[in-house]
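Below: the structure, in structure tokens.
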Amino acid sequence: MSAENLAGKWTRKCGRTLFDSITCVVFLFLDFLDAVLCVVFKLVDEFFEGNACTPCYCGKAGDKNGENKETEMLSESLYGRKYMLRNMGFLGFARKCRIYRKKKDDRDGSVNEGLMVNRWSDCGCQSCVSWMKKEYDQKLHVVVKNLPQGRGDEAAENVIFLHGFLSSSSFWTETIFNNLSESVKDHYRLFAVDLLGFGRSPKPNDCMYTLLDHVERIDKSVISPFHLNSFHLVAHSMGCLIALALAAKYPKFVKSVTLVAPPYLPCAKDGATTSLMALNTFAGKTLWPPLAFGKSVMSWYEHVGRCFCVLFCRNHRIWEMILKLFTLRRELNFMEVDLTRHTHHSAWHNMHNVICGAAKLMDKYLEILNKSRSVKVCIIHGDHDMEVPLDCSNNMKMKFPELVELNMIENVDHTSVILGRVREFAKSLEHIWASS
């Protein structure tokens with residue numbers, strides 16, 4: 001080996017070692033900071049909310065009270081995240097305080113955990129507290145593109161659109177809805193749903209936001225009220241997992257399922273392993289690129305992430321106003337608005353209980369669809385996608401070759417696979433629906 005090649009190899013090795021060392025130090029500091037904030041938030045929550053505050057997941061899995069439907073649906077990534085400081089004094093102190101308060105409340109009969117309140121750290125605007133209103137019926141916000149007058153609903157083809165993480169129904173209504181052909185608009189009824197915790201849908205703090213919660217809310221908000229006896233599904237990113245769960249529940253109703261960049265992982269023998277693998281795959285601890293670092297911080301550190309949400313999401317109306325002043329725009333882009341219209345509680349549980357927790361259930365749902373032999377699953381994935389690895393789509397195609405049709409789009413990423421080619425994407429949807 002020449003001296004030049006040897007020097008280059010040594011330089012790269014030193015660079016990797018330095019980068020790994022910096023990464024270790026940064027995340028060690030975040031471990032410490034999250035442990036401190038755990039105690040701080042517990043004290044502040046106790047002051048503002050009393051016993052109505054939602055417990056965090058800094059304890060061990062054994063801290064869960066009993067085994068019921070809710071705890072069974074919790075993702076193992078909530079308690080299985082590895083921290084260097086997890087079992088040190090800060091977290092131990094917080095657990096002892098919680099156990100002491102619970103025992104005291106049980107003795108005094110003063111438990112009020114069922115009280116519906118808005119968290120002090122969440123926004124109090126109309127859409128963010130809609131679940132607290134007396135007339136609230138726990139339905140999601142749904143945008144419906146009805147058929148022209150004169151056509152009966154029984155003649156309609158129905159399509160349900162599900163958005164991805166930190167997004168809303170605007171992702172579809174502002175793009176695809178406007179680019180479908182007139183013939184499709186005359187024959188299809190379109191439903192764009194704000195998933196639980198996002199957009200203008202309810203953001204309650206008394207719900208753990210599991211995959212089943214989304215399916216039940218969609219059933220109650222779209223399928224039952226509109227008496228849908230058949231429908232197509234179109235979903236992006238996180239919405240793909242919900243779409244597959246919904247399709248598995250109604251395999252005889254679903255005519256086609258279009259998945260854009262599905263966060264799918266083959267299920268391991270141990271469900272806990274699958275959930276933790278999903279966390280490391282979609283939000284692994286890394287410093288670069290910046291977006292990936294942000295995802296890792298928000299997904300691994302519950303209390304550090306809550307600090308960001310207190311600053312940005314709680315004050316999303318102020319930030320929107322500031323952005324309008326600086327950009328001199330009367331209306332903001334829907335992606336800029338959707339980014340902060342959620343609560344930390346909703347984003348946290350959707351990341352873990354839907355994206356990570358649902359990973360262990362996807363093979364079961366796909367097996368149901370595969371056996372039904374009546375549902376067509378089409379995957380669309382950009383070859384430059386840095387959010388969801390291409391292996392996710394390839395693995396789904398390899399495991400279910402007869403069920404899945406894979407379309408890999410060149411030179412597009414996670415977002416531009418739709419937003420960068422809206423007309424082409426709309427035409428591909430029309431083709432899928434017509435051939436189903």
Side-chain angles (χ1 to χ4, degrees), residues 30 34 37 41 44-45 48 54 56 117-132 140-143 161-175 192-205 207 209 214 236-239 242 282-283 289-355 387 414-415 418-419:
L30 290 173
D34 201 66
L37 290 174
F41 274 120
V44 179
D45 286 344
F48 284 107
T54 304
C56 65
V117 297
N118 188 48
R119 303 206 74 176
W120 67 269
S121 56
D122 293 340
C123 177
C125 72
Q126 184 175 358
S127 65
C128 291
V129 297
S130 60
W131 58 277
M132 295 177 62
L140 303 175
H141 176 261
V142 182
V143 178
F161 289 82
L162 305 177
H163 61 79
F165 193 59
L166 302 185
S167 188
S168 79
S169 57
S170 298
F171 184 82
W172 301 110
T173 60
E174 298 293 326
T175 55
V193 181
D194 278 346
L195 295 174
L196 182 64
F198 298 113
R200 297 176 63 183
S201 278
K203 305 168 180 65
N205 62 28
C207 173
Y209 294 89
H214 286 284
H236 179 243
S237 187
M238 182 187 77
I242 302 169
F282 304 121
L291 182 60
F293 174 65
K295 285 196 303 180
S296 62
V297 172
M298 298 298 289
S299 301
W300 284 83
Y301 300 101
E302 183 175 2
H303 305 290
V304 175
R306 189 177 172 189
C307 284
F308 282 98
C309 286
V310 170
L311 178 61
F312 293 103
C313 299
R314 186 176 189 272
N315 303 293
H316 66 82
R317 290 170 297 177
I318 297 176
W319 291 110
E320 289 168 12
M321 181 181 66
I322 294 174
L323 191 57
K324 287 180 181 179
L325 290 175
F326 273 91
T327 58
L328 299 178
R329 287 182 289 170
R330 300 181 64 179
E331 296 294 334
L332 298 177
N333 183 276
F334 68 91
M335 296 184 67
E336 298 169 340
V337 174
D338 290 342
L339 191 60
T340 56
R341 288 205 172 178
H342 61 273
T343 63
H344 177 257
H345 183 78
S346 62
W348 179 260
H349 284 92
N350 274 299
M351 177 62 202
H352 287 276
N353 287 342
V354 177
I355 295 179
E387 306 295 319
H414 188 70
T415 303
I418 297 177
L419 301 185

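In what follows, residues are counted from 1 in the order of the sequence shown.
With sequence neighbours excluded, the residues forming a ring-ring contact (aromatic ring centres under 6.0 Å, His included) with Phe165 are Phe198, listed by chain and number. Partners of Phe282 under the ring-ring contact (aromatic ring centres under 6.0 Å, His included) rule, at least two apart in sequence or in another chain, do not exist in this structure. Partners of Cys313 under the side chain to side chain contact (heavy atoms under 4.5 Å, CB included) rule, at least two apart in sequence or in another chain, are Cys309, Thr340, His342. Remark: Ser346 pairs with Thr343 by the side chain to side chain donor-acceptor pair (under 3.5 Å) rule, at least two apart or across chains. The ring-ring contact (aromatic ring centres under 6.0 Å, His included) search around Phe308 returns none, not counting sequence neighbours. When the side chain to side chain donor-acceptor pair (under 3.5 Å) test is applied to His236, no partner is found at least two apart in sequence or on another chain. In this structure Val129 satisfies the side chain to side chain contact (heavy atoms under 4.5 Å, CB included) test together with Asn118, Met132, sequence neighbours excluded. By the side chain to side chain donor-acceptor pair (under 3.5 Å) test, Asn350 pairs with His214, sequence neighbours left out. For the ring-ring contact (aromatic ring centres under 6.0 Å, His included) test, residues two or more places apart in sequence or in another chain that qualify with His344 are Trp348. By the side chain to side chain donor-acceptor pair (under 3.5 Å) test, Arg341 pairs with Glu320, sequence neighbours left out. In this view, Arg329 and Glu336 satisfy the salt bridge (Lys or Arg N to Asp or Glu O under 4.0 Å) rule, not counting sequence neighbours. For Leu419, the side chain to side chain contact (heavy atoms under 4.5 Å, CB included) test picks out Phe171, Thr175, Phe334, Met335, Thr415, with sequence neighbours left out.
Glu302 has its side chain out of reach of His352: every pair of non-hydrogen atoms, C-beta onward, lies at least 4.5 Å apart. Side-chain contact between Leu291 and Glu387 is present, with heavy atoms from C-beta onward closer than 4.5 Å. Contact of the Lys295 side chain with the Met351 side chain is not registered, since no non-hydrogen atoms from C-beta on lie closer than 4.5 Å.
Put simply, the side chain of Ser169 never gets that close to the backbone of Asp194: no donor and acceptor are under 3.5 Å apart. With hydrogens and angles disregarded, no donor-acceptor distance shorter than 3.5 Å links the side chain of Asp34 to the backbone of Leu30. Arg314 places a side-chain N or O within 3.5 Å of a backbone atom of Trp120 that can act as its donor or acceptor partner. Using a distance-only test at 3.5 Å, with no hydrogens or angles considered, no donor-acceptor pair links the side chain of Trp172 to the main chain of Val193.
What you find for His303 and Cys56 is that their closest heavy atoms are CE1-CB, 3.5 Å. Closest approach of Cys123 and Cys128 over heavy atoms only: O-CB, 3.5 Å. When all heavy atoms of Ser201 and His141 are compared, the pair lying nearest together is OG-N, 2.9 Å.
Put simply, CG on Leu196 and NE2 on His349 are 11.0 Å apart, with the number rounded to the nearest 0.5 Å. Within the model, atoms CE of Met238 and NE2 of His163 stand 6.0 Å from one another, a figure rounded to the nearest 0.5 Å. Rounding to the nearest 0.5 Å places OH of Tyr209 at 11.5 Å from CG of Leu195. For the atom pair OG1 (Thr327) and CD1 (Ile322), the distance works out to 11.5 Å, reported to the nearest 0.5 Å. Here the CG-SG distance, from Leu37 to Cys307, works out to 4.5 Å after rounding to the nearest 0.5 Å. Here the CG atom belonging to Asp122 is positioned 10.0 Å from the NE2 atom belonging to His316, to the nearest 0.5 angstrom.
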